[in-house]
Amino acid sequence: MENVVQRLLKCSTSTFFQLHIVNCTGLGEEGVKAAVATSRLERGKLRRRTRAAVETGVGHREPGPRTRRCPQIAFCPAFCDPDSLPPRVGWIAAGALASIPTPAAHGSAPSIHKHGSSMASNSSSSGGSDRQRIAQQRLRIIAGHLQRPAGDDSALLAAECKDQGSKSDASSEEKTVPRRRQEIMKWNGWGYSDSRFLFNKKGQAEFTGKRYKLSGMIIPGLKEWFEGTFGANLQHKSPATPILNSSAVRPPTLNEAFVEELKSTGVPFSHDAEDRVFRAYGHCVHEIFALREGRIGRVPDLVVWPNCHNDVVKIVELACKHNVCLIPYGGGTSVSSALECPSEETRSIVSLDTSQMNRILWIDEKNLTAHVEAGIVGQDLERLLNESGYCTGHEPDSMEFSSLGGWVATRASGMKKNIYGNIEDLVVHIKMVTPRGVIEKSCQGPRMSTGPDVHHFILGSEGTLGVVTEVTMKIRPMPEYQKYGSVVFPNFEQGVACLREVAKQRCAPASIRLMDNEQFKFGHALKPQVSSIFTSFLDGLKKIYITKFKGFDPNRLCVATLLFEGNREKVLQHEKQVYDIAAKFGGLAAGEDNGQRGYMLTFVIAYLRDLGMDYYVMGESFETSVPWDRVLDICQNVKARIVHECKERGVQFTPLSTCRVTQTYDAGACVYFYFGFNYRGLSDPVHVYEQVEHAAREEILANGGSLSHHHGVGKLRKEWMSETVSNVGIGMLKSVKDYVDPNNIFGNRNLF
Amino acid sequence: MDSSCLLASLHGSDTLLFADMQHRDPMLQKRDEFEDMLEERRNSSDLRYALRCYTPVLYKGVTPCTAGALKNMVLQSAQIHFVIGQVSNETGRAVDDVQEEASAILEEMAHSLQLSTVRFFAFTLSKVFKTLFRSICVNEEGIQRLQQAIQEHPVVLLPSHRSYMDFLLMSYILYTYDLALPVIAAGMDFMGMKFVGEMLRMSGAFFIRRSFGGDKLYWAVFSEYVKTMLKNGFAPVEFFLEGTRSRTSKSLTPKLGLLNIAMDPFLKGEVFDVHLVPVSISYERILEEALYARELLGVPKPKESTSGLFKARKVLSEDYGSIHVYFGQPVSVRRLSQGKVDRGQFNLTPRHIPKRPSEEIHSFVNDSAYGLVRAQEENMVLKPWVLLASLLLQNHHGDQASGRARGMALDELTEQAVWLRDLSRQYGAFLHWPDHVPPPEVVSSSLSLHRGLVTITEGRVQLASEQAGGPAGPGEPPPVGPEEELLRQAVTVLSCVSYRNQALHVFLRPALLASAVHAASSSSGKQEIFNSFSFLRNMFSNEFILCPGATVQDFEEACFLLVKTGALQVSQQEVVVTERGHRTLAFLTSVLDPFLQGYQVVCRFLSEEANEALTEKQFVPTVRKFIIKRLLAGRLRYTEVLSSDLQKNALAALLRLGAVRKIKGAEPGTLKVNKVMVHSLEDALGGNLPTQKPAAVARL
């Protein structure tokens, strides 16, 4: 079997991929077959691609550096009739997973710039095949915490076959983010409709669906933890309104002239109640709580789905012309009330949903950049790049749903920023459509001294200035090797000291997070049922070793989860360095499993909140960044403040108040707080919640923490902006707003 | 400033302060019951008690820290490192050298709490207390609150300070109730007593120099030491807000240094909260009674020495009545500072770099300190004797004025005492008057406990004149001249005054108002009376605990009380004394009168006798001579004006008002008197109270 791979390798002309083939040997016979199959596919694809390139070489402006197009690049000549499209559909779909968007089906306008001219010449058929196979493998590794491992291969192949055969494959259920989000996502909770936690008839917690590692599993410890932590009771249910009652939605206030002209542009739009409600909310607890109760406030009057930059230009022009309020919508994962329609807004509100602008327009291997439409969601971006052997490494916790444009607009941060950087480090070029026109830089120099960086007006502008349409981002070759890890510390203080030392020595792994004791217990409660007696025996031994032999107090110990990435040798070396430092602070290595579960928690915690809400438990998380010397104090004080405020406000059961340090920097850290409480018996739980969160934020600020590390300000944290950036600072921001958008077309009223 | 705005800000600033202690109507104040903790001691073995299992719960269950480990923590702290570097830079000394010094300072300062010493004290104090006192009453609910507070937050104990006994007593109580033993800030003077000093150190005292003005290193070591103990919750920190023992039983103007340090960890976000627990310790008879009086009269304070302590042994044979210790409601610094201090002010410089407290913090700490001292005052238990002493003193002065020393008939005294009992209760006094006992018995038993201070002849009571009282008596030669006679009498008077003073805080605000009303012409309106009130209040703010900036609030409180008791009618414009109010007002004005006259005399002295060379140091002896002269000449009837405390307070007030200035002459501390201003102040105090609104005084 290995021989087959070797042979395939030999025919590959792409040396790059040879470096990354190491992990593929475990592919198995089926895998090899798949590889062969895909290599055949690739060859066919390539032929078509070459032809397509010839046919559509209209818009090439500059050849630029050697660029290689990724297989699913959408490619349509300007203003083309959908019927006369070149036969690109086949290769669009060929290399794609089930979710590859096919913009042509929506008659999307072209994006004719900057298409690589030499894309076909650089890859051979077998290279493509390897790439495909490696991509699958990488995908499995990189998204190990995110996706269900089994069945990926078959799903992928099936999708390919189908794509190959059909031209009109654009049915929306195959896309990660369809126009009608309601088809796959919950309207009043987090994530996919098929994935949720529930307590089954036996009172055991389980996670439904097939998407996640935890899917279909029983989580035996959750009930006890849940009842013990919140004083909740499975008998006391607080179910959500099951279906969205469209009659509860106020009929749209339409700007007829705007709608008329919009129609003529051919950009799809809708004023269907469901579509509108879906774009009226983010995921703040008060938003979800209201939806669960079936209470619906002001929602956008219209939703538009531009397919490309030019569509956006047209929409913005029309909005300016007809004085319509535009609210850009990306992934809808806001937790700052940023998507809330301002109640004082009297104009027609149009939600500009960028989800269909989701193509990678080109990849530039020489400069390691990719030019991407800003509506693409994290998981697609990563997956598509992976197929070409690349990644951005930007993995915010919301990456399944949040979009590139949203990241830019909120100054997002990903968990692996230690290697790849935060969004502001990753962005090379931004194109944004504003009421004044399009803003972009003239070149892609890696750094410029040209006055204040105009990108920084855009980064964090939270949709107040315009719509980010296209972004050039740095990409990296996919890491060869990934390894999880964890360290148990006797207490949180030691853990923080260790993280500080790691930051000081600048040897932080891709991700390093320190959970406090409560969260450690939480993570423990989420352990799925173990099948073998041996595993549970081992777990028991581990526990005895740590608590009895090493004398760690189970009520004080805390755990750091680690993720290493890179070259295998270096990873191992790096790992040793970090564990050596940890040992100095009393840390004990606690295995990969604990680490991986820690990261899994990140992706399922939002689902867990919905479970809590089914049983009178309300929860939320919020974050800050703080200098190192304040980390311990802020953790202690904010947690205590939450408990204190709950008590003051008549919350009967002590709330869950926990934190973790999720990022390290040279000069400080990012701290995440989780807060959940049992609201049974409270007349206005959301109000209580809001008061407590408000107090917690005041506490954060009083303790030298920032207003936000990456969630942004939105409308939720507006009141503290002027004290945060000073009045002059606000004035600066306002004057930019006044120039760029004098009529407040982008009227979501975030930030100030 | 606009008057209404000022008014609003004054109100605003005080409504949040001490939310727990706020009560418009003092009658409504609820106080806990007391339990006598000596009772158990009388019924069970002291030895077993001293050796019993002692397992206090600490803050968040921290493990106690040895004295040595604590010292290390302090020396290794970022703040000490920084200051050592700074001092070394400034003086050019080697870092090691400065380090050495820091270590020596700490060595001199640090406590070395040992349970064995505590047990020793537990045993001996049990014996001593049982002989000296009838009972030691503690509010156990307060103990429970304290226990709760200690577990949840770092705690600062703030007892009132009337006796050396205070801090041993505090530790004794905490030991008895199985609470964490405090570490106590003590003045360096104790260190003079070699053995006792070390004993105290081993029972939790740490010693600080009385003054260390510019010594950066000392301040840093000291503050870091206190903060380390506090924020780690190793032990409650105890210190006396008043800084020293009050010789007069009046609360002293709070000192801010230690309170500043104690609040710092909260303000800098190092702890979630700090709880301050005011503790009021009231002695029915103060051990140091006569000592204090002598000290105030100019017999210098005996240096603390071990042998001196043993000489005081015969104290043991006397009956000192009971002690009441009231643990007040813990005050959360977090709550106190809400809306007053922006903790974000520490965000932009590293917290370990010492910085002068900002204006905002300074005034917050100052307001808090006053609030805390008032909280102490309010929970001081008053015995019937305190009322009797007030009445007897007033009568004594009346007698002196009329030249006849007749004293008071017992039944008259009883009648007046009952009247005063009811009045003081209406004013919110924490009076322990046994209601089930007939008043005459209450009076006679009170008199008998203080028989050193009163004589009863033919059913008439008067202040003892022949006895010097207390431990001084027998060995001395009989009095010779009138001056000695006067001083001898003064010892008794000042002892009585110290009891009367215990009730002063109850009557103070109404008395200021009564004096203002008294001085005003009959047609004066409310605003004029307020102006007089605020003049007096301003004048006496070194003498009594008057929270800065609370003039309007105090005025309203005084009006409220006097209206409530039917002594005054206050309308929008006018203040009218009612028929039945005359008795109350007469009593109240005579409460304040000694102080008014005392300040006048000091003014008179300064305008008549002060020469160019008068220094601060010479002030008390010379003013004393002046006063003695006037007393002997019969031009002044209040012997208590001889109290150096009053004289110093008067000088401090005049310095504050700018009537006297300290100049840097040849002699440091030379006083320069603005005779015009002093004269006009004297005139004002003499009855011509200013009714015009002086600049910068609030209007109603």
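A note on names: the letters A, B, ... follow the listed sequences, proteins ahead of strands, and every chain is numbered from 1. Keep in mind that the numbers below use all heavy atoms, side chains included, and drop hydrogens, waters and symmetry copies.
- For a heavy-atom cut-off of 4.5 Å, chain A lies close to B:Lys268, B:Gly269, B:Glu270, B:Val271, B:Phe272 in residues 267-276 of chain B.
- Remark: A:Glu723 CD is packed, more than 12 non-hydrogen atoms of other residues, nucleotides or ligands lying under 6.0 Å away.
- Applying the 6.0 Å contact sphere to NE2 of A:His687 captures no more than 12 heavy atoms from other residues, nucleotides or ligands.
- In this structure A:Glu424 satisfies the salt bridge (Lys or Arg N to Asp or Glu O under 4.0 Å) test together with A:Arg411, sequence neighbours excluded.
- The contact list for residues 691-713 of chain A toward chain B, using heavy atoms and a distance under 4.5 Å, reads A:Glu699, A:Leu701, A:Ala702, A:Asn703, A:Gly704 by residue number.
- Along residues 342-352 of chain B, the residues that come nearer than 4.5 angstrom to chain A, judged on non-hydrogen atoms, are B:Arg343, B:Gly344, B:Phe346, B:Asn347, B:Arg351 in order of number.
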